[in-house]
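Data block below; observations after.
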Amino acid sequence: MPSVYLQTFGCQMNAADSNGLAHQAWSLGCSFTETPETADILIVNTCAIREKAETRVYGRLGQLKSLKRPESKLLVTGCLAEKDRAVMRSKAPWVDALLGPREYGAFKALLADWGVPTDLPPRDTPLQMPSSETLDGGADALEYSHLRSLVSITRGCEKFCTYCIVPYTRGPLESIGPEEIESQVRREVRCGAKEITLLGQNVNSYLYEGLNFADLLRRVGSIEGLERLTFLTSHPHDFNREVVDALAEVQNVAPRLHLPIQSASNEVLQAMGRLYTVEEYLEKIAYFRERLPGWALTTDIICGFPTETEHDFEATLELVRRGTFEYAFIFAYSPRSGTPAATMTPQVEPQERLRRLQAVNSAQLDSSRRFHERFIGETVRVLSSGPSKKDAAKMAGKTGHNVTVVWPRDERTLHQAFVDVAIDQAHSWGLIGQVA
Ligand code: 5AD
Ligand code: SF4
């Protein structure tokens with residue numbers, strides 16, 4: 001049976017898609033390898049959100065060209081496969097096939113073309129992937145990666161923010177039926193998942209036969225055995241009090257909300273096509289803070305969007321300085337050809353985008369550290385991710401707020417999903433403690 005090498009770039013949506021592709025290949029009898037040299041089929045699931053992501057993908061495709069055996073097949077999937085469909089042949093002619101995010105239904109047929117038998121009875125043993133989160137290999141190898149699971153609830157996006165490539169690569173919004181979502185969540189929980197992330201580009205626009213996102217949260221939240229429920233990503237235009245009320249009701253929902261603001265200037269928000277003002281955003285989070293005190297609010301910010309003035313940038317910096325967000329993902333604007341923002345004028349110089357990014361980033365690091373300091377002296381419940389990648393003598397994991405915690409490896413708690421850790425140090429990146 002062929003062996004498959006699968007590498008994923010980009011967002012959690014891509015991670016979820018890769019998981020789906022892996023399940024399909026597994027059910028046909030394929031095995032997985034971590035070495036591209038030995039694979040029969042190589043799959044690179046790609047991202048096109050910013051230029052940097054694209055550059056990394058092309059760099060990797062170049063490496064794989066020389067690593068792969070001449071007879072093995074190379075498949076490129078994901079957003080770059082869709083965006084660069086026409087130019088991939090000249091930019092990376094050694095790629096054998098492309099499947100965009102809406103074409104995964106054709107994956108099995110492609111494998112059949114490449115000689116994978118599809119008429120055998122499907123294999124129903126649980127998927128086994130080589131994982132970098134291994135302990136000592138063997139039976140423990142898969143333990144940690146099973147604890148968290150991503151479940152898509154929508155596909156696509158039709159918000160068409162003016163900087164964003166996603167609506168072009170992933171197509172219009174489609175909501176998945178609640179039964180299908182619930183049965184996937186149950187299956188993941190049966191396989192050991194403790195934390196489920198409901199995924200969509202804009203989960204707040206979920207709507208299936210009258211059932212909205214707040215309703216879905218209540219339904220999924222009552223699934224037995226599910227310890228932590230969370231969701232990504234919310235759009236401030238569609239995020240509302242009804243969702244906050246549902247979050248306050250659902251017992252096992254993790255105390256965190258990711259609500260990308262992008263900018264704290266109304267002029268920039270309008271140019272971005274974001275459909276809300278700073279005042280509306282602040283009003284929504286005021287209700288959220290009131291109903292859900294102690295939750296972590298995280299955000300995305302783009303620095304140096306076309307037309308952004310020093311004054312606009314200062315407004316964003318000021319909001320971050322005030323400690324509005326517990327954590328922020330901060331990006332320099334990256335023009336994506338085909339999107340309206342790519343041709344807006346004036347564009348901010350790349351150097352200046354970077355300067356603004358660094359200023360916002362350092363303000364956010366201060367806010368994050370201050371947030372973390374509140375946990376010193378407390379005992380927090382951590383979902384383990386296994387031995388720390390930097391130092392195998394340490395363990396790492398995440399709290400319900402999604403704060404990284406590191407503690408010394410200890411045999412008693414090594415195989416526990418949840419570990420109680422007494423916190424004694426706070427940094428901007430996270431917390432350090434001892435098993436309680
Ligand atoms: N340039 C910079 N950042 C972008 N994002 C999306 N498109 C771009 C772009 N062209 C950021 C937004 C979004 C996050 C997933 O990526 O902040 O919320
Ligand atoms: Fe892109 Fe805006 Fe849709 Fe998010 S909501 S995926 S930023 S278009």
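Remember, it's 1-based here, ligands and their atoms both numbered in the order they're listed. Every value quoted in this text rests on a predicted model; they were computed, and no experiment measured them. Numbers for residues simply follow the sequence, beginning at 1.
- Neither the backbone nor the side chain of T339 has a heavy atom within less than 4.0 Å of ligand 1.
- Short contacts between ligand 1 and Q262, defined as distances under 4.0 Å to a heavy atom of the residue, involve ligand atoms 12 (C), 13 (C), 17 (O), 18 (O).
- Between R353, K52, R50, Q201, it is R50 that holds the heavy atom closest to atom 16 (O) of ligand 1.
- At a heavy-atom distance under 4.0 Å, atoms from both the backbone and the side chain of Y163 approach ligand 1.
- Taking a 4.0 Å cut-off on heavy atoms, A332 registers as neighbouring ligand 1.
- Residues in residues 326-339 take part in these salt bridge (Lys or Arg N to Asp or Glu O under 4.0 Å) pairs, two or more places apart or across chains: E54-R336, R289-E326, E326-R374.
- Within ligand 1, counting atoms from 1 as listed, the ones closer than 4.0 Å to a heavy atom of R336 are 10 (N).
- Counting heavy atoms from C-beta outward, D17 and R170 have side chains that approach closer than 4.5 Å.
- Using cut-offs of 30° and 60° on the angle between ring planes, the pair H235 and H237 is perpendicular.
- Between the side chain of Y206 and the backbone N or O of I176, at least one donor-acceptor pair lies under 3.5 Å.
- Checked against a 3.5 angstrom limit, the closest N/O atoms of D300 and ligand 1 fall inside it.
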Query raised in the report: Run the salt bridge (charged side-chain N to carboxylate O under 4.0 Å, His left out) check on E352 and R355 step by step: do they pass?
Result: CA-CA 5 Å; E352 178 59 13; R355 183 191 71 85; 2.8 Å; yes
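- Between the choices A48, A342, S334, the shortest heavy-atom distance to atom 1 (N) of ligand 1 belongs to S334.
- In R56, the CZ atom is not crowded: 12 or fewer heavy atoms of neighbouring residues, nucleotides or ligands sit closer than 6.0 Å.
- Aromatic ring pairs are classed by plane angle as parallel below 30°, tilted from 30° to 60° and perpendicular above 60°; the pair Y276 and Y281 is tilted.
- The I49 neighbourhood of ligand 1 comprises atoms 6 (C), 7 (N), 8 (C), 9 (C), 10 (N), with distances under 4.0 Å to a heavy atom of that residue.
- Contacts between C161 and ligand 1, counted as non-hydrogen atom pairs separated by less than 4.0 Å, are absent for every part of the residue.
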